[in-house]
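Shown next, in structure tokens, is the structure this report addresses.
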Amino acid sequence: MVSRSQHGFHKPKELRRFYEPLGVLHELTMKGASKPRSIFSTSARGISIMQRRRDFVDAIAYIGAYRKGCEIAVAVERRPDALFVRVAGTAEIDKIVVPFLNNLLPQLSIILKHSAGDIKDDLNDKILVHLSDMVLDFGQEKIFAHYMKILQHIAPICLADMITDLNEADRDNLNFKAWFQDNFYKNGAPLLQEHMKPLARECLNAQQSGMFDLLREFTYQGHKHVTYFEKFYKQLRKLSLTIDMTSQLLESTISLRQDLANEMVARSLPSSPSLPIPLLPRKLSVEGIANRMFSNSSKRNDFLQKLQQIAPPGLSKTLVHYSQTVLTQVHPELLVMNYFDALSDGGFIDENDKYIGCTKPSCYLCHLFISYHPARYSSLSSNSKICLNWRLPDISREEYNAMARVENQKSILQQLINTIRNQLEEKVKNEWILQPHCAESEIEWMLPVDDDTFDYSPQPSSPQLTPASPIVSTGLITPRFDIDFNDASGSGTDGDQDAEDVVLFKGRGRF
């Protein structure tokens with residue numbers, strides 16, 4: 001048996017104090033709308049070298065995410081004789097993404113052999129076509145997924161609206177429908193994945209001509225299908241976004257001629273094993289969670305009273321379900337951060353701007369972790385999603401400056417606990433204010449007692465696991481369990497002793 005000290009430096013109680021309120025907050029916010037940012041770091045021309053460095057890694061991150069659901073984080077590491085493009089992700093990085101990037105990056109080095117003045121007009125266009133051909137071939141699976149979403153779920157509704165009650169002023173609608181039929185079908189049949197390259201180029205031309213702008217006319221408040229037209233516009237843009245990002249990659253490469261003078265090589269970072277979320281099913285009553293959140297009985301009771309009125313039915317059983325099914329991973333941007341934290345030499349291409357390019361906006365917890373990190377990494381945009389499959393980066397004794405990093409992480413964890421508790425308290429208060437205040441006798445859903453029974457009423461429907469970031473099971477590590485009967489530290493006021501704890505978070509920090 002392997003001792004706990006070799007596998008974890010966070011006490012089980014500390015981890016539960018984070019994940020328990022996180023689970024409740026997830027349930028209260030999982031239907032909330034998110035506002036993802038554009039992948040473009042900026043829309044301005046003639047921008048700073050710092051911004052061009054960000055554009056470079058943003059473009060690689062988007063291009064490297066070759067299929068829908070694949071998320072990638074990228075940073076450039078400077079060494080004396082080479083530049084390493086460090087890539088972390090949720091898919092097959094080693095077998096698919098890294099080999100592709102190591103075919104693409106030499107093409108950028110060849111471009112830099114031309115002087116800046118030579119790369120103009122016709123030559124620039126030829127280079128862009130050559131690069132975008134490579135990128136479109138690589139990413140056609142993702143483009144095809146966007147195409148099928150338009151064809152099956154969005155276009156039928158929007159096109160029907162556009163041709164209803166046509167008059168002379170609606171000729172643009174007819175032209176758009178004809179364009180759609182000509183380009184989204186071949187001989188009356190849907191396109192195949194191999195047809196995505198010409199479709200992407202045609203969508204780029206249509207977007208540049210302003211053809212898609214007429215879709216905005218159907219996004220006014222009160223239109224019954226306004227959300228469909230918003231999605232229609234965004235999905236059409238996604239079909240050509242790969243070419244846009246290739247153009248961004250080319251422009252930023254030319255601007256960073258001095259930075260990128262050395263050979264560029266892509267290298268993957270190991271993904272994290274999938275590990276169970278550190279929650280104990282028998283302690284997941286909301287009353288027990290509230291007891292551990294508040295040492296002040298008055299605040300605890302006030303919180304419970306409000307939560308009783310606004311919580312979804314079967315909340316405790318849903319949390320128990322999560323404790324038995326959710327697997328956690330270190331998200332790609334934190335894998336990149338953890339790599340740079342462990343470096344004894346080398347560093348970012350710009351140490352004044354420790355920026356990590358990502359395929360998508362970071363989740364809420366990654367955004368907080370980066371904000372609280374003492375190394376002052378550049379803040380990333382967030383989609384504000386609460387991800388239950390999230391965890392802190394793993395640290396190994398063999399890594400550089402490991403113990404100091406452990407202390408940093410403990411400080412970050414405490415800040416995360418405080419923030420999530422405050423967010424949950426604020427969420428409950430705001431939701432309660434919006435509720436009609438009924439008498440206690442009228443409340444159908446009752447708070448369960450913090451015992452070891454799960455016969456709560458009413459019975460919930462089968463909860464579904466819906467983490468915002470894909471859970472990827474590596475198949476490399478089977479989670480094991482440690483039992484620690486000696487850890488009784490923690491707050492003396494919550495009565496939640498660790499003598500019965502089962503440590504689920506194996507692999508936390510290999511000490």
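Nothing fancy with the numbering, it's 1 onward along the sequence.
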Exercise. With sequence neighbours excluded, tell me which residues meet salt bridge (charged side-chain N to carboxylate O under 4.0 Å, His left out) with E14.
Key: none
Exercise. Go through the structure and list residues passing ring pair (Phe, Tyr, Trp, His ring centres under 6.0 Å) with F18, not counting sequence neighbours.
Key: W390
Exercise. Give a yes or no on whether the ring-centroid distance for Y66 and F100 is below 6.0 angstrom.
Key: no
Self-check item: Nearest-0.5 Å distance that lies between atom SG in C203 and atom CD in Q235
Solution: 11.0 Å
Quiz prompt | Centroid-centroid distance, H26 to Y322, less than 6.0 Å | solution = yes
Exercise. Could you list the residues that satisfy side chain to side chain donor-acceptor pair (under 3.5 Å) with R421, not counting sequence neighbours?
Key: none
Quiz prompt | Distance-only side-chain donor-acceptor flag, T328 / Y19, under 3.5 Å | solution = no
Exercise. Please check if any side-chain donor atom of E71 sits under 3.5 Å from a side-chain acceptor atom of H331, or the reverse.
Key: no
Quiz item: If we ignore angles and hydrogens, is there a donor and acceptor under 3.5 Å between the side chains of Y62 and Q248?
Solution: no
Quiz prompt | Contacts of Y228 that satisfy ring pair (Phe, Tyr, Trp, His ring centres under 6.0 Å) - sequence neighbours left out | solution = H225
Quiz item: With sequence neighbours excluded, what pairs up with D350 under the salt bridge (charged side-chain N to carboxylate O under 4.0 Å, His left out) test?
Solution: R53
Without placing hydrogens or testing angles, list every side-chain donor-acceptor pair under 3.5 Å for residues 261-269, not counting sequence neighbours.
unit_1: S268; atom_1: OG; unit_2: D94; atom_2: OD1; d: 2.2

Quiz prompt | Contacts of F229 that satisfy ring pair (Phe, Tyr, Trp, His ring centres under 6.0 Å) - sequence neighbours left out | solution = F218, H223
Practice problem: May I ask you to establish whether R216 and Y233 are in a cation-pi arrangement, using a distance under 6.0 Å from NZ or CZ to the six-membered ring centre and at most 45° from the ring axis? | Solution: yes
Quiz item: With sequence neighbours excluded, what pairs up with K142 under the salt bridge (charged side-chain N to carboxylate O under 4.0 Å, His left out) test?
Solution: none
Practice problem: Output all residues satisfying salt bridge (charged side-chain N to carboxylate O under 4.0 Å, His left out) with D81, sequence neighbours left out; order by chain, then residue number. | Solution: none
Practice problem: Check whether more than 12 heavy atoms from other residues, nucleotides or ligands sit under 6.0 Å from atom CD of Q258, and answer yes or no. | Solution: no
Practice problem: Give the intermediate values and the outcome of salt bridge (Lys or Arg N to Asp or Glu O under 4.0 Å) for residues D302 and K429. | Solution: CA-CA 9 Å; D302 181 66; K429 176 182 175 182; over 6 Å; no
Quiz item: Just checking, any donor-acceptor pair under 3.5 angstrom between side chains of Q414 and N418?
Solution: yes
Self-check item: Residues which pass side chain to side chain donor-acceptor pair (under 3.5 Å) with Y400, listed by chain and number, not counting sequence neighbours
Solution: none
Quiz item: Taking only residues two or more places apart in sequence or in another chain, which ones pass ring pair (Phe, Tyr, Trp, His ring centres under 6.0 Å) with Y377?
Solution: F348, H373
Self-check item: salt_bridge(K427, E431) N-O dist < 4.0 Å
Solution: yes
Quiz item: Do E333 and S362 have side-chain N/O donor and acceptor atoms under 3.5 Å apart?
Solution: yes
Quiz item: Mind checking what makes side chain to side chain donor-acceptor pair (under 3.5 Å) contact with S132, not counting sequence neighbours?
Solution: R201
